[in-house]
Protein chains: 2
Amino acid sequence: MTQQPRNGRAPSVKDVAAAAGVSLGTVSNVLNRPAVVSTATRERVERAMADLGFVRNESARQLRAGTSRALAYVMLDGGNPFFQDVAEGIEIAADAADLSLFVCNSGGRAERESRHLDRLVQQRVQGILITPVDPDAPHLAEIARRGTPFVMVDRLSTAGGHCSVAVDDVLGGRIAVEHLIDRGHERVAFVGGPGSVGQVRERCQGAREVWEEFGRPAEDLIHLPTEALTVGEGRSAGERLAGLPSRRRPTAAFCANDLLALGLLQHAVSAGLRVPDDLAIVGFDDIDFAAAAAVPLTSVRQPRQELGRTAARLVLDEAANPDHRHEQATFVPALVARASTGAVRR
Amino acid sequence: MTQQPRNGRAPSVKDVAAAAGVSLGTVSNVLNRPAVVSTATRERVERAMADLGFVRNESARQLRAGTSRALAYVMLDGGNPFFQDVAEGIEIAADAADLSLFVCNSGGRAERESRHLDRLVQQRVQGILITPVDPDAPHLAEIARRGTPFVMVDRLSTAGGHCSVAVDDVLGGRIAVEHLIDRGHERVAFVGGPGSVGQVRERCQGAREVWEEFGRPAEDLIHLPTEALTVGEGRSAGERLAGLPSRRRPTAAFCANDLLALGLLQHAVSAGLRVPDDLAIVGFDDIDFAAAAAVPLTSVRQPRQELGRTAARLVLDEAANPDHRHEQATFVPALVARASTGAVRR
DNA sequence: CGAGGTGGTTGAAATGTTTCATTCGTGGTG
DNA sequence: CACCACGAATGAAACATTTCAACCACCTCG
């Protein structure tokens with residue numbers, strides 16, 4: 001804990017070597033192969049490091065090693081707790097592998113995503129996990145071409161030039177709507193958009209499929225489009241829903257994610273609709289706030305942390321294992337029934 | 001966009017130089033001082049870079065420059081949207097300065113925080129923003145001693161050896177409780193804990209101060225302690241509150257943050273209490289979910305993004321400006337009145 | 001006594017970039 | 001024609017680390 005007067009430059013291995021009276025190679029050995037150096041010198045070196053307040057310079061290590069000790073996750077929407085939970089899963093895995101994790105947020109904007117990716121490639125991160133704005137964007141293909149391992153999260157790979165980790169969204173849509181049919185609803189709204197988001201399309205498709213299979217008329221599954229997957233958009237969908245003529249008004253809504261569902265719920269309550277009696281609601285993702293809503297939300301649960309952990313595992317395998325095979329990991333979503341569909345006595 | 005066959009190594013300036021038939025110094029000039037190189041050669045070099053798919057190696061730059069082009073934010077609780085918003089503000093500032101941002105999450109665990117800090121110092125980040133688990137922890141002092149600029153976020157510095165950015169939490173507590181007194185409440189609960197969290201202590205103190213100033217008996221301000229600032233703890237506080245004998249049961253609760261308030265709200269609603277008629281609730285932070293709750297939450301607003309932006313500004317100043325003066329930036333919180341205190345007709 | 005091994009240490013090379021003093025060539029000026 | 005100035009390009013050094021072949025005592029065994 002003693003300390004040389006700050007001379008403006010952080011002490012390097014060279015300084016440590018000088019202070020301990022050994023060669024620079026020996027210091028490096030103490031750092032990387034403590035076993036090969038004799039106890040006496042090792043202690044001397046360690047003491048010198050402590051005295052000088054030596055800290056390894058990671059950039060120099062990287063330069064030499066050719067790759068950094070970091071992983072990156074570029075998430076689609078930092079404001080959505082779902083992605084935070086995925087990130088948490090990734091961080092756990094990164095931590096276990098003793099890697100740093102860059103968490104970036106594209107906020108749904110392709111140009112911001114692309115800037116992040118550029119920086120990450122420059123940093124020579126070991127791998128990139130990404131929930132992309134557009135899975136077919138050229139800058140993604142570019143990454144793959146460069147050879148940086150990358151894994152798509154929450155989106156199944158179409159091309160197959162890389163790993164991906166996702167939940168079966170079509171199945172999720174089916175489960176949700178089947179639950180509503182089960183509970184006797186005959187007119188149901190699907191709330192979600194924009195259609196450019198694959199997750200929305202697939203959840204909607206699942207809903208449609210099951211609706212048809214039960215022989216329900218297509219016009220009784222009403223699509224309420226939204227411009228984003230946010231609470232605000234959920235509220236506005238609520239307004240439109242409340243404005244429908246009662247003849248057409250659905251008795252239940254399946255929302256493409258929980259944020260929409262919470263917004264819808266809020267508007268419904270404040271408009272005096274009783275949930276679930278006047279309007280049942282199913283969300284998607286099962287974020288913590290879903291259970292915490294004033295009327296706890298029925299939702300389709302995704303294994304959020306596990307999604308992240310698996311993605312990290314795959315990207316690490318790709319980085320380390322020369323004969324890595326790309327993998328498309330699919331998880332099965334599950335319905336969590338709560339009060340918002342009357343599945344639980346309040 | 002043409003591309004040499006991958007020979008296993010990413011192309012370097014040297015390769016570009018060879019391909020363009022110029023010296024390595026010239027390539028560097030094209031990269032860093034395009035003005036000094038003639039148009040003809042510049043174009044030749046740029047073409048070579050594109051052909052080879054050249055990407056600057058950030059570690060080598062760093063090594064040479066002695067510092068990285070990155071900032072870091074170590075947040076206290078990634079699950080709390082408040083910190084996400086602060087992070088968003090920081091990211092905006094980092095982006096403007098063309099810096100990468102490491103976002104780390106200590107999750108309230110000192111040992112995890114310390115591991116993150118170690119890594120960040122090794123990376124030679126330009127500066128560290130942190131909402132610490134314990135502002136007096138020795139590893140923080142250590143950072144300062146090493147000379148890495150750092151700024152405390154959402155926590156005022158006591159020692160003053162560094163900048164800090166925070167909201168006046170005592171004032172926030174005062175505002176909240178004053179609002180409740182205004183609305184005629186005579187028995188109020190303060191919900192929050194643990195006491196080791198400075199923010200909680202100060203918000204509580206503000207509440208007490210104003211309560212006394214209005215001449216209210218101390219025993220009518222009831223402290224309901226919690227073990228964390230989470231929705232779950234809010235629910236459990238709700239149970240305890242509901243269990244109080246009606247003689248002592250408060251008609252209003254001031255929660256140390258919005259997560260607690262949402263949990264409390266949820267339990268209250270499911271226990272059949274009407275909010276705000278049977279129980280008024282005030283939260284703290286004004287996260288987006290507060291407005292989105294089924295009974296929109298009255299809350300004490302902090303300028304979340306601005307907190308982040310300011311913190312980033314300060315740390316950048318400290319990194320760049322040799323005669324930087326440490327600054328304690330304090331923001332003024334503001335009450336946002338909503339339905340949960342009956343301040344707005346539903 | 002010499003050969004061979006061994007545990008410990010060393011020195012040099014290599015990683016990719018930036019900087020800076022130097023050199024080169026050319027065109028203008030006295 | 002000699003000199004200078006100037007724009008353009010160059011080459012070497014420096015940054016902090018890791019690796020690896022070489023080396024050095026010293027010991028053991030034949």
Side-chain angles (χ1 to χ4, degrees), chain A residues 7-46 48-49 52-70 119 121-126 146, chain B residues 7-46 48-49 52-70 119 121-126 146-148:
Chain A
N7 59 359
R9 226 184 74 277
S12 72
V13 274
K14 207 183 297 182
D15 301 320
V16 174
V22 298
S23 87
L24 161 170
T26 300
V27 178
S28 176
N29 281 337
V30 171
L31 251 17
N32 302 299
R33 293 176 222 72
V36 314
V37 28
S38 75
T39 321
T41 39
R42 183 168 27 129
E43 278 167 0
R44 199 143 38 88
V45 171
E46 277 163 353
M49 298 206 267
L52 269 59
F54 168 77
V55 180
R56 257 165 144 121
N57 183 326
E58 183 63 24
S59 4
R61 294 186 85 185
Q62 277 182 35
L63 175 57
R64 179 64 226 242
T67 175
S68 81
R69 302 200 47 71
R119 273 208 276 256
V121 177
Q122 286 186 18
Q123 314 252 11
R124 302 289 194 274
V125 291
Q126 292 216 352
R146 283 243 170 66
Chain B
N7 58 0
R9 228 184 71 278
S12 73
V13 275
K14 207 182 297 182
D15 301 320
V16 174
V22 298
S23 87
L24 162 169
T26 301
V27 178
S28 175
N29 281 336
V30 171
L31 250 18
N32 303 300
R33 293 175 221 71
V36 313
V37 29
S38 77
T39 319
T41 39
R42 184 172 23 137
E43 278 168 0
R44 202 143 36 87
V45 171
E46 277 164 352
M49 297 206 270
L52 268 58
F54 168 77
V55 180
R56 258 163 142 123
N57 183 325
E58 183 63 24
S59 3
R61 295 186 82 184
Q62 280 182 33
L63 175 56
R64 180 62 227 241
T67 173
S68 81
R69 303 200 47 71
R119 274 209 276 255
V121 176
Q122 286 185 19
Q123 314 253 10
R124 302 290 194 269
V125 292
Q126 292 216 351
R146 283 245 169 64
T148 305

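Throughout, a chain's letter reflects where its sequence line sits, starting with A, and its residues are numbered from 1. All heavy atoms count here, side chains included; hydrogens, waters and symmetry mates do not.
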Rounding to 10 degrees, work out the angle separating the end axes of the helix from dC1(C)-dG30(D) to dG30(C)-dC1(D) (five pairs an end).
70°
Minimal non-hydrogen separation, Q123(B) against Q62(A), with atom names:
OE1-NE2, 4.1 Å
Atom pair distance, as rounded to whole Å: NZ in K14(A) and C1' in dC15(D):
8 Å
Side chains of V45(B) and V37(B): does their closest heavy-atom pair fall under 4.5 Å?
no
Indicate, with a heavy-atom threshold strictly under 4.0 Å, whether V27(B) touches base, sugar-phosphate, or nothing.
nothing
Rounded interatomic separation in angstrom, taking CD from Q123(B) and C1' from dC15(D):
17 Å
Base, sugar-phosphate, or nothing for S59(B), non-hydrogen atoms under 4.0 angstrom?
nothing
Does S23(B) place a side-chain N or O at less than 4.0 Å from the phosphate oxygens OP1/OP2 of dT10(D)?
yes
Nearest heavy-atom contact between R69(A) and Q126(A) is CA-NE2, 4.4 Å
Between dT19(D) (P) and L31(A) (CG): distance, integer Å:
11 Å
With nearest nucleotide decided by heavy atoms, which residue, N29(B) or L63(A), maps closer to the 5′ end of DNA chain D?
N29(B)
R61(B) and N32(B) have their tightest heavy-atom pair at NH2-OD1, 4.1 Å
At under 4.0 Å between heavy atoms, what does N32(A) touch on the DNA or RNA strands: base, sugar-phosphate, or nothing?
sugar-phosphate
R64(A) or S28(B), whichever maps to the more 5' nucleotide of DNA chain C
R64(A)
Can you tell me how far P of dA16(D) sits from CZ of R61(B), to the nearest Å?
18 Å
Just call it for S38(A): base, sugar-phosphate, or nothing, with non-hydrogen atoms closer than 4.0 Å on any strand.
sugar-phosphate
Could you check whether T26(B) gets within reach of a base, just the sugar-phosphate, or nothing at all, counting any heavy atom under 4.0 Å?
base
Quick one: label V30(A) by what it contacts on the DNA or RNA (base, sugar-phosphate, nothing), any heavy atom closer than 4.0 Å.
nothing
In the 5' to 3' direction, the nucleotides of DNA chain C bounding the stretch that comes under 4.0 Å of a heavy atom in chain B are dG16(C) to dT19(C)
For the residue pair R42(B) and N29(B), establish whether any side-chain heavy-atom pair is separated by less than 4.5 Å.
no
Specify the closest pair of heavy atoms between R124(A) and A10(B), including all atoms of both residues, with the distance to one decimal.
NH2-CB, 4.1 Å
Proximal nucleotide (of dT17(D), dA14(D), dA16(D)) relative to the R9(A) side chain:
dA16(D)
Work out which heavy atom in F54(B) is nearest to a heavy atom in V13(B); give both atom names and the distance.
CE1-N, 3.5 Å
Can you check whether M49(B) reaches R56(B) side chain to side chain, under 4.5 Å on heavy atoms?
no
Compare every heavy atom of A48(A) with every heavy atom of A19(A), then report the nearest pair and how far apart it is.
CB-CB, 4.1 Å
